[in-house]
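Okay, so here's the structure we're looking at.
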Amino acid sequence: MSDYLDRLNPEQRASVETIDGPLLVLAGAGTGKTRVLTTRFAHILLTGRARPHQVLAVTFTNKAAKEMRERVADLLGGPVEGLWLGTFHALAARMLRRHCDLVGLKSDFTILDADDQVRLLKQLMEARHLDTKRWAPAGLMGIIQRWKDKGLPPARIGAAEDSDYADGKALDLYRAYQARLLELNAADFGDLLLFAAEILRTHPEILASYHRLFRYILVDEYQDTNLVQYYWLRLLAQAEKNICCVGDDDQSIYSWRGAEVENILRFEKDFPGAKLVRLERNYRSTAPILAAASGLIAHNAGRLGKTLQSGKKDASGEKLQVLAVNDQDQEAREVVERIARYRNAGDSYDQMVILVRTGAQMRAFEERLILSGTPYRVVGGARFYERAEIRDALAYLRILNQPADDLAFERIVNLPRRGIGDGALQTLRDGARGQSIPLFLSARRAVDAGSLKGKARDSLAKLLLGFDRWRATLARDGHVIAAAEMLDESGYMPMWLEDKTPEAAGRVDNLKELVRAMAEFESLGAFLEHVALVMERDAAEGEARVSLMTLHAAKGLEFDIVFLPGWEEGLFPNQRAVDENGNKGLEEERRLAYVGITRARKHAMISYASTRRIYGTMQDSVPSQFLDELPEDQIERIGLPRVQQRQPWRDDFAWSGSVAAVAPRAPQARKFKVGARVFHQKFGMGTVVGVDHDKLDIAFDHSDTKRLMDRFVEVA
DNA sequence: AGGTTAGTAATTTTT
DNA sequence: TTACTAACCT
């Protein structure tokens with residue numbers, strides 16, 4: 001009965017058996033965090049302390065939720081129904097659908113994705129005649145998201161939180177954006193949490209009903225929670241206080257998405273009497289890898305403090321290699337050569353990964369991998385449901401589900417080309433705004449009233465008739481048949497079938513896959529909900545491949561062999577992260593480095609180049625300060641060009657000795673003042689006429705005044 | 001209405 | 001370097 005407890009080490013066991021009251025489990029990388037969470041869940045059920053639906057279990061990713069669900073099922077001997085187990089967003093959406101009338105939404109509200117959000121906001125900005133080149137809609141969207149991350153609806157934003165972005169119109173646009181979402185019966189990701197928390201905050205009787213329901217709360221990756229998620233949890237936990245949060249402050253790498261490490265650092269204050277357990281026995285990596293990672297992360301201040309110990313019987317292993325190369329092409333060549341060597345020695349490609357700081361680094365590796373015929377996969381990047389053809393097809397489906405979905409309507413009304421251009425669309429928009437009706441209805445009236453003519457009228461009439469027909473098919477034959485019929489008759493699928501470009505065939509396959517996937521859902525609404533919240537792509541199994549991904553995407557994964565290229569000042573730690581957030585930014589970069597190293601089970605190789613091509617121009621680079629922070633006795637420096645030639649075109653920098661042995665520090669913090677003379681690669685000499693954080697307004701001698709990032713110019 | 005070209009800027013992205 | 005967008009021709 002309790003043999004599942006015997007498989008745990010003492011700390012893990014304490015984490016599982018400390019059931020009542022608040023508990024924080026600080027789980028270092030590779031210390032069995034998921035095992036603790038799932039065992040604790042099962043333990044609560046098996047000891048009869050709660051029924052399955054009385055436990056709230058929250059994760060960040062669908063993948064983590066899925067894994068927890070499966071492992072709990074394993075422990076219990078079969079799948080369990082009625083669990084409140086899912087991502088923050090999925091669980092908040094589930095709550096919100098129950099109480100949506102309280103915030104002015106209907107229960108079939110649409111969940112917008114990032115692309116829809118920005119398009120909508122851009123429309124609102126254009127309606128206010130804001131220059132969307134100067135004020136990027138995506139930038140303003142970021143500000144709105146941060147507000148939502150903090151649990152602030154427009155009404156609760158005071159002067160302290162307000163932004164001067166977009167000529168001080170940010171708050172006004174936030175208000176307009178929220179109003180427009182309600183008109184569209186839509187919510188964005190941030191709203192799910194924001195509204196869920198607001199409802200709990202302002203309706204004590206609803207909050208009390210959840211207090212009666214949830215006896216235990218489990219939270220994964222607590223270091224990544226933002227403020228609104230924290231409020232939501234705290235409200236739900238304030239009655240029973242049986243909340244268990246698992247996390248690792250050293251792996252907090254999403255502050256730029258609104259995550260607040262402070263949430264985990266503050267846990268014991270928030271929940272008086274909280275117990276704390278540290279999981280420090282690592283079962284993943286060799287001793288040198290652990291020692292190197294620990295040595296690096298020790299340079300961060302303000303940690304809860306944790307030292308990874310090896311929990312493996314034989315943790316001996318080789319030192320981390322630190323490779324110096326001349327440029328990114330050589331770096332890619334060296335890495336891919338080593339991949340081949342490991343493979344020849346019997347390692348599987350599946351167990352090798354290249355972890356980069358930025359997407360731009362991937363190209364060099366991809367080229368080299370292709371050239372050498374090494375199978376690889378890029379993890380992350382464009383997901384299935386983010387592909388253009390899938391989003392187009394989904395727009396059709398959304399209109400079928402909810403004709404008032406104006407964003408979807410705009411996306412596909414002229415796709416494939418139907419001769420409905422900007423002029424015709426503007427007529428429809430004017431009609432919709434004038435009569436306060438959705439675009440779809442406005443289109444119908446425009447056709448009937450003859451306010452459009454010619455080709456636009458004819459093809460729009462045909463499209464509207466089509467939707468009537470497809471809706472009838474939906475009612476009669478179900479969503480799968482209706483979808484197939486719609487994609488075909490609307491001309492969307494034929495458009496790709498006739499397309500002769502190389503990627504068209506893949507798009508057709510994706511569309512077929514989409515229709516196939518719909519069969520697993522009861523209704524069109526259920527399918528669309530899944531797509532909005534559970535944007536997971538089925539991991540294509542099959543041939544073993546090397547993985548290529550960003551460091552962020554690697555969190556939670558592990559590999560035998562890990563390559564960590566691009567450890568250069570400016571790139572990693574990333575200049576922008578440091579510019580924007582100072583020492584906090586630098587510490588987050590260091591945590592990212594820590595995450596990278598701790599992904600490795602057996603081998604890790606870090607590399608850096610003395611020259612790198614950035615935006616087409618060659619730039620000298622300096623080894624990352626993180627290299628100096630690695631314990632020297634745990635690393636082996638290889639491949640160094642003993643004497644680095646002094647670059648003749650850079651007089652201001654003299655190499656002292658070998659690149660690898662002496663790591664020069666990064667220069668000066670960038671400080672520009674109004675009036676400073678600066679040089680830009682492309683625009684030449686200019687004078688600074690305005691400073692806004694890291695952005696400078698520069699009057700160029702031979703061009704206009706432009707707004708540029710300060711790191712693209714240098715002091716003249 | 002739609003394809004072409006020139007200008008411009010440039011992290012990370014769990015949901 | 002590339003990717004994206006807005007202005008520009010047909």
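By convention in this document, chain letters (A, B, ...) are assigned in the order of the sequence lines, proteins followed by strands, and residues within each chain are numbered from 1.
Between the C1' atom of dT13(B) and the CG atom of Leu355(A) lies a distance of 16 Å, rounded to the nearest Å. Atom CG in Leu571(A) sits about 9 Å away from atom C1' in dT11(B), given to the nearest Å. Rounded to whole Å, the distance from CD on Gln117(A) to C1' on dT13(B) is 12 Å. Rounded to whole Å, atom P of dT8(B) lies 15 Å from atom CZ of Arg134(A). For Lys133(A) and dA6(C), the NZ to P distance is 7 Å, given to the nearest whole Å. For the pair Met549(A) CE and dT12(B) P, the computed distance is 16 Å after rounding to whole Å. We find that NE2 of His530(A) is positioned 13 Å from C1' of dT15(B), with the value rounded to whole Å. Between the CZ atom of Arg94(A) and the P atom of dT15(B) there is a distance of 18 Å, rounded to whole Å.
Taking the six-membered ring where the residue is Trp, the centroids of His552(A) and Tyr254(A) are separated by under 6.0 Å.
Checking side-chain atoms of Asp458(A) against main-chain N and O of Lys455(A) turns up no donor-acceptor pair under 3.5 Å.
Residue Phe88(A) is classed as having no contact, given no heavy-atom separation below 4.0 Å to the nucleic acid. Heavy atoms of Arg357(A) sit under 4.0 angstrom from at least one base atom. Heavy atoms of Gly359(A) sit under 4.0 angstrom from primed sugar atoms or phosphate atoms, though from no base atom.
Scored by the side chain to side chain donor-acceptor pair (under 3.5 Å) test, Arg333(A) finds no partners at all (sequence neighbours excluded). Under the side chain to side chain donor-acceptor pair (under 3.5 Å) criterion, Asn185(A) pairs with Asp108(A), Gln402(A), sequence neighbours left out.
Both Glu589(A) and Arg257(A) sit near DNA chain B, but only Glu589(A) has its closest nucleotide nearer the 5' end.
Residue Thr550(A) places at least one side-chain N or O under 4.0 Å from the OP1 or OP2 atom of dT13(B). Side-chain nitrogen and oxygen atoms of Tyr615(A) include at least one within less than 4.0 Å of the OP1 or OP2 phosphate oxygen of dT11(B).
dT5(C) and dT12(B) have their C1' atoms separated by 24 Å, given to the nearest Å. Separation of the P atoms belonging to dT13(B) and dC4(C) is 15 Å when rounded to the nearest angstrom.
When each of Asp248(A), Leu233(A), Val246(A), Val261(A) is paired with Tyr222(A), the side chain to side chain contact (heavy atoms under 4.5 Å, CB included) condition holds for Leu233(A) and for no other.
Arg507(A) and Asp499(A) are not joined by a salt bridge, as no carboxylate oxygen comes within less than 4.0 angstrom of a charged side-chain nitrogen.
Using a 30° and 60° split on the angle between ring planes, His530(A) and Phe521(A) fall in the tilted class, from 30° to 60°.
In this structure, of dT12(B), dT11(B), dT15(B), it is dT12(B) that holds the atom nearest to the side chain of Trp256(A). Side-chain atoms of Lys122(A) lie closest to dA6(C) of the nucleotides dT11(B), dT13(B), dA6(C). Nearest to the side chain of Thr132(A), among dT15(B), dA6(C), dT11(B), sits dA6(C). The listed nucleotides are dT12(B), dT15(B), dT8(B); the one nearest the side chain of His552(A) is dT12(B). Distances from the side chain of Arg363(A) to the nucleotides dT12(B), dT15(B), dT2(C) place dT2(C) closest.
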Footprint string (nucleotides 1-6 of chain B, 5' to 3'): B base within contact, S backbone only, - free, heavy atoms under 4.0 Å: SSS---
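Side chains of Ile111(A) and Glu529(A) form a contact here, defined as non-hydrogen atoms less than 4.5 Å apart.
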